Amino acid sequence: MAIVWPGLLVQAADNLAEFHRDRGLSCVACHDEGPPLSDDNLSLENRNCSVCHGSLETVSVEIGEREIDPHLSHLPGEPACTTCHATHSPSVPYCSACHSFEFNLPFAGTWERMEASIDELQQQSAAHDSAINNPPRDTVDVIVIGSGGAGLSAAVAAADASARVIVVEKEPVIGGNSKLAAGGLNAAETRQQAALGIEDSLALMTADTINGGKDKNDPVLVQVLVSESAGSVDWLTSMGADMSDVGRMGGASVDRTHRPAGGLAVGKHIVQVLYDRASQLDVDLRVNTRAVEILEDQSGAVRGLLVQGKYTGLYWIQAPTVVVAAGGFGKNNDLVASFDEKLRGFAATNQPGATGDGLNVATRAGAGTLDMQFIQAHPTYSPVGGVLVTEAVRGNGAILVNEAGRRFVNELTTRDVAAAAILEQAGDHAYLIFDESVRRSLQQIEGYVELGAVDEQLTLSDLADSLGMDATVLTATVERYNGFVAAGTDQEFSRQDMARPIAEEAFYAIEVTPAIHHTMGGLRINSQTQVLSGDGESIRGLFAAGEVTGGVHGANRLGGNAVSDIVTFGRRAGQRAANYAGVN
Ligand code: FAD
Ligand code: SIN
């Protein structure tokens with residue numbers, strides 16, 4: 001039977017370990033009779049938590065209904081209890097790294113990233129040398145750095161080709177930025193588009209991508225992205241993904257953004273699908289495990305990876321290939337600002353681990369980089385709740401107005417243009433305005449409601465009052481826009497796609513402002529996902545995919561193209577790495 005202790009907050013103990021000890025539980029109630037304690041996933045400890053307290057679902061029921069239940073949140077995989085409930089130190093709600101709500105967590109401390117830099121770790125010479133001089137702790141065919149969509153796609157593809165695979169993830173939970181992906185995955189000429197009567201072509205997706213990227217994209221990588229996009233959707237659906245809802249995001253000429261039915265967020269769904277498949281294929285996935293150094297032999301070929309386990313310390317894994325799928329650096333404001341000073345102090349939509357240290361690991365092994373100065377701000381981040389408001393809200397019919405209640409931009413233009421336009425408005429912010437029919441079309445909106453980001457009113461006039469706007473101006477703006485919808489032409493801002501009028505009670509507003517979202521630059525790769533040095537030579541055994549790479553998106557990524565990128569290039573990297581390792 002599940003046991004929870006509702007009186008936790010009034011205990012004299014300083015942390016959960018003491019609390020358990022005071023209740024007569026010995027160390028072995030949680031730990032093995034180590035050392036070693038267990039592993040960096042704290043698998044044994046987490047299993048023992050559930051023996052007494054029940055599964056996440058059980059705990060959720062025991063605690064009772066609440067508006068936001070962290071136990072049933074958007075974390076894919078099997079998030080460990082110890083992610084938030086630390087034991088020998090104050091617990092820290094991991095969610096508070098992004099969101100602004102507070103949880104009544106016993107013995108809670110404040111979330112703070114505390115880690116040595118990769119440079120510092122590589123320079124701790126005694127520990128470093130001793131770890132490298134010891135025998136490898138494991139030997140596999142392919143090591144993947146990062147458990148986001150690119151990493152899991154690589155792991156699944158490599159394991160499908162019979163490779164033995166270890167994935168290392170430095171955060172306590174899997175999924176990286178991928179688990180947060182909202183609006184969807186772009187692909188052209190898919191079965192899903194055909195079923196909905198949408199006419200698209202590879203040429204059109206290529207033109208949109210290069211136009212969005214200001215012609216700075218690597219055309220060879222774009223060709224791979226586009227030509228394999230439908231195959232990537234098929235690959236995901238063959239593993240059980242639902243990609244049946246097709247909508248539009250900024251900069252696209254037609255509806256090609258694929259997501260689950262009902263407008264559910266794409267990221268958590270596909271990470272879960274990939275995680276389930278990786279588990280079936282016995283991929284060894286280690287969280288709390290940070291890649292520190294790519295090890296090369298005297299000829300410069302990859303021979304393994306030095307990692308730091310949060311609990312198990314520095315050790316190395318032997319393998320002839322490493323796939324770097326460590327994501328971007330949007331959450332590292334100092335690094336962002338070093339490339340684009342305008343973005344200093346900006347909030348970010350990214351997960352806490354998007355600090356760029358995987359990038360650093362690869363460059364220290366000789367990898368070249370490109371396009372580092374291209375960093376994208378997403379136009380619609382809600383400071384209330386600390387959450388990205390998906391472009392799909394606009395794609396499904398919302399408009400943007402300023403404090404005066406007036407539209408000021410084509411809401412479905414590319415992100416760089418929309419973000420710049422918002423920053424030109426008073427207060428550097430704007431409001432998304434939409435109606436009940438948009439809310440119904442996109443289940444993700446319920447999440448924003450739960451986070452307290454949405455102002456809901458029965459009439460437009462009430463909404464204007466609540467926002468402190470002139471009601472006649474807001475009403476006139478919406479009526480004028482509805483006229484454009486009926487006529488099929490936006491005479492004010494030439495918005496091409498106006499999904500529906502804003503006419504059905506109730507009416508909603510979300511305050512938004514731009515936030516750092518995507519780092520387009522990164523490691524230099526070729527179409528085979530091999531990492532290239534600054535001189536353009538491939539580094540033998542080193543592959544990369546996803547946001548850690550540069551070139552695919554040029555100067556500005558289109559909404560929906562990153563998830564397409566990570567699945568296509570991640571899968572490619574896994575196949576090529578397995579092949580390089582000599583696995584059939
Ligand atoms: P990630 O998913 O970020 O994974 C990288 C992983 O590597 C992370 O878990 C990180 O912790 C880990 N890591 C880093 N360094 C190390 C190290 N040294 N050792 C071990 N592990 C390490 N794009 C779209 O196309 N459509 C969308 O709808 C969409 N919505 C988005 C919504 C949000 C809120 C955000 C933030 C992004 C969104 N994007 C979207 C962009 C897209 O999600 C990302 O670009 C993409 O998921 C990146 O995938 P990835 O696998 O390359 O990196
Ligand atoms: C969004 O849903 O607005 C984010 C999509 C993306 O970054 O591609």
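We're numbering straight along the sequence, starting at 1. For ligands, and for the atoms within them, numbers begin at 1 and follow the listed sequence. The model shown is predicted, which means the values in this text are computed figures rather than measured ones. These values consider heavy atoms only, across backbone and side chains, with no hydrogens, waters or symmetry-generated copies.
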>> Atom CD of residue position E296 - does it have more than 12 heavy atoms of other residues, nucleotides or ligands inside 6.0 Å?
In response: yes
May I ask you to check if ligand 1 and [X] share an N or O to N or O distance below 3.5 Å?
X: V361; result: no
X: A150; result: yes
X: A562; result: yes
X: V563; result: yes

>> With a cutoff of 4.0 Å, is R557 in contact with ligand 1, counting heavy atoms of the residue only?
In response: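 Heavy atoms of R557 do come under 4.0 Å of ligand 1.
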>> Yes or no: does L185 have any heavy atom under 4.0 Å from an atom of ligand 1?
In response: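 No heavy atom of L185 comes that close to ligand 1.
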>> Students should be able to answer this: which protein heavy-atom is nearest to atom 31 (C) of ligand 1, and at what distance?
In response: A181 CA, 3.3 Å
> For atom 12 (C) of ligand 1, what is the nearest protein heavy atom, given as residue, atom name and distance?
Replying inline: E169 OE1, 3.3 Å
Taking 4.0 Å as the limit for heavy-atom contacts, which would you say applies to [X] with ligand 1: side chain only, backbone only, both, or neither?
X: N561; value: backbone
X: Q351; value: side chain
X: Q376; value: neither

> Using heavy atoms and a threshold below 4.0 Å, how should the contact between H378 and ligand 2 be classified: side chain, backbone, both, or neither?
Replying inline: side chain
> Between R415 and ligand 2, which part of the residue brings a heavy atom under 4.0 Å of the ligand: side chain, backbone, both or neither?
Replying inline: side chain
> Heavy atoms only: which of R557, E391, H517 is nearest to atom 8 (O) of ligand 2?
Replying inline: R557
